[in-house]
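One structure is given here, and the rest of the page talks about it.
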Amino acid sequence: MSPLLQAALLLAAVVVLVPLVDRWRLHPALALPLVSIGYGLAADATIGGMGWAVGAGVAHAVDPLGLPLLAGALIAVLLRRAGRGAMGRDGAVAATGFALGAGATTAAGLGFLAATASGPRALVAGLLAMTACHGLVIPSPDAVTVATILDASTTRVVALGLPVAVIMAAAGWFYVARLTRGGGDSGSTVVAPSRYALAMIAVPAALLLAQSVAQHPAAPIGQAGEHLNALARPVFLAAFAIAAAVALARWWNRRALADGAGVADAVAVAAPVILVAGLAGGFGRVLGETGMGELLAETAVDPRLGLLAPFIGAAIVKTLYGSSLTAVLTTAGLVEPLLPALGLDGADGRALATLAIGAGATAVCHVNDPLFWVVASLGRMRTARALLLIGGGSAAQALAALAALLLIGVVVL
């Protein structure tokens, strides 16, 4: 089966999934496996292959997300029971998301971000800001990986990437703010007081950032990086955040943890979201087994396109598979030998190619991405509405980053 036909099947799967969840009220935890199986059968995948892909995808998605999201939900529940309602601004949540984006994993960062977001707009803006930073700003693993493969200067990538990431996040915020003007969306399933929740997730956030630094190929902090990597595992991140929540909640109201209701409430919020996110990861892995993304990206990376080529290649893989890491690895491998033909073989050219891949790998976030379902579920958004806000927002900010990079390219290349 041709890659184009497989991509068309993905579009058909999305078209089927949206009314299944929105119109016929089928829970995403049931709709996603049905769509995954349907797509796999239509794409001539084997039963055994589909079973393995779904299982592997679920495990890969749940491992970094599950405990941080549960911890974030517990923080929100404890603060609510302690009488600390939502009082943070959406802009503060977006700024927090941007900072978390430099961490080792966006899944864990989003789990903790849920404790600082007071509504759908804040959740979406926080996710978009996080992915903008994660794709373009060193020391995030995605940016470091591409810079290493393309042999790009870290100094140049940092100097160019940070302002472009800020522009990118601002574009995402503007897009979401325009579409949510008037407050038509319902509230989120978590309650998020700004400064208290930020204090609780400060240590996990710092550990995620330190883990990014520790994983840099240059090993800037030596053997201490091994200890930081261990402490930044999901179980320890959750433990630090929960310990802070327990201490502060007891200080505000000793009865906030007098029974197990707080934990039960947090599990009730987090468990369905984790399940759906895992199944979305399984759907993405089924898509990845087809190989369509690599073939289409190889076709799109045309030397005549210059800086557009790495952006388009990464956007294709991300959109088809739902994985930014797969997108940057695949596209960087395709682009590296073509840098001279693309006119990007100089120091500035390699830095711009690195950033173009990172920007492309943020778009488009949709139903095959676990993070999409985390935000859609916590924000109580219909699937079509989430596609408009999250998918449209990720595309808008990626295009804004591309425009900025093209302008920079006119000056420096």
Side-chain angles (χ1 to χ4, degrees), residues 2-4 6-8 10 131-132 134-138 140-154 156-157 159-161 163-165 167-168 171 287-288 290-366 391 394-413:
S2 72
L4 284 175
Q6 292 171 345
L10 172 58
T131 56
H134 198 74
L136 275 71
V137 179
I138 290 176
S140 85
D142 284 9
V144 170
T145 297
V146 182
T148 301
I149 294 174
L150 299 188
D151 193 24
S153 165
T154 298
R156 281 184 168 84
V157 172
L160 297 176
V164 173
I167 293 171
M168 188 176 178
L287 297 169
T290 64
M292 59 176 168
E294 291 87 346
L295 293 173
L296 290 176
E298 186 175 358
T299 302
V301 179
D302 189 324
R304 294 171 295 181
L305 296 177
L307 191 58
L308 284 172
F311 175 87
I312 295 173
I316 287 174
V317 179
K318 163 64 176 178
T319 302
L320 294 180
Y321 293 168
S323 169
S324 296
L325 180 59
T326 301
V328 298
L329 287 172
T330 300
T331 312
L334 292 173
V335 166
E336 196 279 331
L338 297 176
L339 287 173
L342 291 167
L344 301 172
D345 196 29
D348 289 323
R350 289 176 180 270
L352 288 174
T354 297
L355 298 174
I357 292 173
T362 66
V364 174
C365 179
H366 63 96
S394 63
Q397 69 173 17
L399 291 173
L402 176 63
L405 291 172
L406 290 173
L407 288 173
I408 294 172
V410 171
V411 176
V412 303
L413 294 180

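Note that these values count all heavy atoms, side chains included, but never hydrogens, waters or copies made by symmetry. The structure displayed is predicted, hence computed values, not measured ones.
Here the side chains of S2 and M292 are not in contact, with every heavy-atom distance at 4.5 Å or above. In this structure the side chain of L355 reaches within 4.5 angstrom of the side chain of V157, judged on heavy atoms. At a threshold of 4.5 Å between non-hydrogen side-chain atoms, the residues V410 and L406 do not count as touching. Side-chain contact between I149 and L329 is present, with at least one heavy-atom pair separated by less than 4.5 Å.
With rounding to the nearest 0.5 angstrom, the CG atom of L136 is 7.5 Å from the OG1 atom of T362. To the nearest 0.5 angstrom, Q397 atom CD is 4.5 Å from T131 atom OG1. Taking CG of L339 as the start and CZ of R350 as the end, the distance is 5.0 Å to the nearest 0.5 Å. Of the inter-residue distances, the one linking I312 atom CD1 with T299 atom OG1 reads 12.0 Å to the nearest 0.5 angstrom. Note that the OG1 atom of T330 and the CD1 atom of I316 stand 11.5 Å from one another [nearest 0.5 Å]. Put simply, OG1 on T319 and CG on L287 are 11.5 Å apart, with the number rounded to the nearest 0.5 Å.
Between A314 and A361 the shortest heavy-atom distance is CB-N, 3.7 Å. Taking each heavy atom of G409 and L352 in turn, the nearest pair found is CA-CD1, 3.7 Å. The shortest non-hydrogen separation linking V364 to A395 is CG2-CB, 4.1 Å. Residues D302 and R304 share a closest heavy-atom pair of OD2-NH2, 2.6 Å. In terms of heavy-atom proximity, V137 sits nearest to G161 at CG2-O, 4.3 Å. Between A332 and V146, the shortest heavy-atom distance links the atoms CB-CG1, 4.3 Å.
Counting only distance, with no hydrogens or angles, the side chain of Y321 and the backbone of G293 share a donor-acceptor pair below 3.5 Å. Looking only at distances, no side-chain donor or acceptor of S324 sits under 3.5 Å from a matching main-chain atom of K318. Under a 3.5 Å cut-off, the side chain of T331 and the backbone N or O of I357 do not form any donor-acceptor pair.
Residues satisfying the side chain to side chain donor-acceptor pair (under 3.5 Å) test with Q6, not counting sequence neighbours, are none.
Put simply, the residue from I408, T354, L405 that forms a side chain to side chain contact (heavy atoms under 4.5 Å, CB included) with L160 is I408.
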